[in-house]
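As structure tokens, the structure follows; a few thoughts come after it.
Atom set for the values below is all heavy atoms of this structure, side chains included, hydrogens, waters and symmetry mates excluded.
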Amino acid sequence: MLDIRRLRENFQEIQEKLAHRGEDLSGLDEFAELDRKRRNLIQQSERLKKERNEVSKKIAELKREKKNADAYIVEMRNVGDQIKAFDDELREVEGQLQQLLLQIPNVPHESVPIGEDEEENVEVRKWGEIREFSFEPKPHWELAAETNILDFERAAKVTGSRFVFYKGLGARLERALFNFMLDLHIDEHGYEEVLPPYLVNRMSMIGTGQLPKFEEDVFKIREEDYFLIPTAEVPVTNMHRDEILEADDLPIAYAAYSACFRSEAGAAGRDTRGLIRQHQFNKVELVRFVKPEDSYDELEKLTAHAEKALQLLKLPYRVMNMCTGDLGFSAAKKYDLEVWLPSYQTYREISSCSNFEDFQARRAGIRFRRDQNSRPEYVHTLNGSGLAIGRTVAAILENYQQEDGTIVIPEVLRPYMGGKEKIE
RNA sequence: GGAGGAGUACCCAAGUCUGGCUGAAGGGAUCGGUCUUGAAAACCGACAGGGGCUUCACGGCCCGCGGGGGUUCAAAUCCCUCCUCCUCCGCCA
């Protein structure tokens, strides 16, 4: 959410910056009117409340002295009615204003390239050698079928499309990966491990920006106002919702493994085969709460942590600075890590690392105090996948495949795989 | 799921029956001071925070006793509703 004062005072400038996102911003037109109405109603209501407070005190005095206060009471009855009328209207206006503000995306940082869509994302760097195959490399779902480690057909029977059973060394590989990644981030990068709830309430979804705008993208529980988490970002960021943190505690860094659930509404026909786009997938997520002045350095740090996982796995990737048209709703800046997939002959997203500045913190009320006497300020929040596990499995299968259809297990994972060197 | 009980400021806790000098007693913790070579103890002092409106500013005002609504001239106190925690029962990995 944007700061209402900032929006009021820099309306033109913010409108122009948001326009680069290419979204419909017609709702913004109402802002000035609602903002003016709101402040006007507050002033009228508060003026009467002040009067009521004073007269009520007088009535209390008279009552205590056993004197008659009927004239005042009649007068205040009228004032009370007026207050109620103003407050009813105020509630209405504030509701509208709140809805409007919750729909406005974050303002892109100045270092974000201006562009319409993914075509205009800017490559920041590339890592690793793309392997030359002496044979025709197979897509990961074929490799998985041959080695019998993934079962999409039975998952479709048991649940539906875009679900999968991992079996045998496939299941083991998945487990090895998130253990490897958690260990890396906890032991080497200083994160605290968190295992979060997979269901969250509406306030949490609003806090990180999934709601109210993207309700169709997530799974909702029928009987309760609970949602299946689309990412551990949601529960972990909301851990500190409505809290005032100590400056000494910052930065706070959490690494969380979780399953993630996405409805993939609107993705019909895309990535229908394999592990790339599932309704349920595993992910290790990194979340950081930092001081505002540090957040862009922290974004580089966070991104480097995610990259480290790819480097240790020896998977070639590139880092993309997402342009204004391809930024997430809540992000001020976002790097995508894209891993090389031989069968696609392209790089595919395997991690998103974002700086939300105070956008989520303002929605979720996450603040900190610099010292005992200072007023609370909003923290900056960041998060990034470190990494999406299913896509990492796909990348390993494809990049490590042999001509005979077997897959070499990356060295760093072997201790997690009971010393096995190959899936066959 | 059923039956009870409870949520008050950093923590504990009084007030709620019987609405009005409660813009919330009293402890503890914390901070400052006296005393002391230093510390402890004792004593003295400070200690509601947060949000909003308004103002160039000083300041003024409004809201705040789990959240939200209502009754009333007036609500921590009465009513409704939701949330959370505790106890017992049931069910259950």
Inset, instruction - Report the C-alpha separation of A:F152 and A:F165 in whole Å, then their side-chain angles, then the decisive distance to 0.1 Å, and conclude whether the ring-ring contact (aromatic ring centres under 6.0 Å, His included) test is met. - result: CA-CA 6 Å; A:F152 292 96; A:F165 281 102; over 10 Å; no
Inset, instruction - Apply ring-ring contact (aromatic ring centres under 6.0 Å, His included) to the pair A:F356 and A:H380, showing each step before the final yes or no. - result: CA-CA 7 Å; A:F356 304 95; A:H380 281 193; over 10 Å; no
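Distance from the side chain of A:K49 is smallest to B:rC62 among B:rG70, B:rC62, B:rC73. Distance from the side chain of A:K84 is smallest for B:rU71 among the nucleotides B:rU71, B:rG69, B:rG51. Among the nucleotides B:rC73, B:rC21, B:rC53, the one closest to any side-chain atom of A:R64 is B:rC21. The listed nucleotides are B:rU54, B:rC63, B:rG69; the one nearest the side chain of A:R39 is B:rU54. Counting only heavy atoms from C-beta on, A:I73 has its side chain closest to B:rC73 among B:rC73, B:rU84, B:rG69. Of the candidates B:rG49, B:rG70, B:rA74, B:rA74 carries the atom nearest the A:R52 side chain, counting heavy atoms from C-beta on. Nearest nucleotide to the A:A60 side chain, out of B:rG20, B:rC73, B:rC53: B:rG20. Closest to the side chain of A:K63, from the set B:rG20, B:rG51, B:rG52, is B:rG20.
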Tabulated below should be each protein N or O lying under 3.5 Å from an N or O of nucleotides 55-60 of chain B; please produce it.
none

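Taking a pair as Watson-Crick or G-U wobble with both distances under 3.5 Å, the runs of three or more consecutive pairs in RNA chain B are B:1-7 with B:83-89, B:10-12 with B:26-28, B:30-34 with B:42-46, B:50-54 with B:59-63, B:66-70 with B:78-82.
Across the C1' atoms, B:rG20 and B:rC78 are found 14 Å apart, a figure rounded to whole Å. Of the C1' atoms belonging to B:rA24 and B:rC65, the separation is 8 Å, rounded to the nearest Å. The C1' atoms of B:rA3 and B:rA93 are separated by 25 Å, rounded to the nearest whole Å. Comparing B:rG32 with B:rC85, their P atoms sit 38 Å apart, to the nearest whole Å. For the C1' atom pair drawn from B:rC56 and B:rC83, the interatomic distance equals 44 Å after rounding to whole Å. Using P as the reference atom, B:rG68 and B:rC17 are 22 Å apart when rounded to the nearest Å. Rounded to the nearest Å, the gap between the C1' atom of B:rA40 and that of B:rA48 is 31 Å.
When the C1' atom of B:rU22 is taken as reference, atom CG of A:N53 falls 14 Å away, rounded to whole Å. Here B:rG49 presents its C1' atom at 14 Å from CG of A:D242, a figure rounded to the nearest Å. Atom pair A:I59:CD1 and B:rG19:P shows a separation of 16 Å (rounding to whole Å applied). We find that CZ of A:R363 is positioned 19 Å from C1' of B:rG51, with the value rounded to whole Å. When the P atom of B:rC53 is taken as reference, atom CD of A:E94 falls 9 Å away, rounded to whole Å. Note: CD1 (A:I244) to C1' (B:rG51) measures 10 Å, nearest angstrom. One interatomic measurement links the two molecules: NZ of A:K57 to P of B:rA74, which rounds to 15 Å at whole-angstrom precision. Taking atom CG of A:L48 as the reference point, atom C1' of B:rA74 lies 16 Å away to the nearest angstrom.
Taking only side-chain nitrogens and oxygens, A:R369 comes nearer than 4.0 Å to OP1 or OP2 of B:rG50. Between A:R47 and B:rC53, a side-chain N or O to OP1/OP2 separation shorter than 4.0 Å is absent. For B:rU54, the OP1/OP2 oxygens have a side-chain nitrogen or oxygen of A:Q43 closer than 4.0 Å. Put simply, A:R38 has a side-chain N or O that comes within less than 4.0 Å of OP1 or OP2 on B:rC53.
Between A:R38 and A:E94, at least one side-chain N (NZ, or NE/NH1/NH2) sits under 4.0 Å from a carboxylate O, which counts as a salt bridge. Salt bridge A:K84/A:D87: absent, no basic N to carboxylate O contact under 4.0 Å.
Where A:D35 and A:S374 each meet RNA chain B at their nearest nucleotide, the meeting point lying more 5' is that of A:S374.
Here B:rG64 is in the syn range [glycosidic angle within 90° of 0].
Rounded to the nearest 0.5 Å, atoms CG (A:L382) and OG (A:S354) are 8.0 Å apart. A:S330 OG to A:Q360 CD: the interatomic distance, rounded to the nearest 0.5 Å, is 5.0 Å. With values rounded to the nearest 0.5 angstrom, A:T392 atom OG1 is found 8.5 Å from A:E174 atom CD.
In this structure the side chain of A:Y254 reaches within 4.5 angstrom of the side chain of A:I252, judged on heavy atoms. With a 4.5 Å cut-off on side-chain heavy atoms, A:P212 and A:Q103 count as touching.
In the model, A:N321 has no side-chain atom that pairs as donor or acceptor with a side-chain atom of A:Y335 under 3.5 Å.
Within the 4.0 angstrom heavy-atom criterion, no nucleotide atom of any strand lies near A:K58. Backbone-only contact: A:I42 has heavy atoms under 4.0 Å from sugar-phosphate atoms and none from a base.
For the side-chain contact (heavy atoms from CB on, under 4.5 Å) with A:L48, the lone residue among A:Q44, A:E51, A:K50 that qualifies is A:E51.
The minimum heavy-atom distance linking A:D117 with A:C323 is given by the pair O-SG, 3.2 Å.
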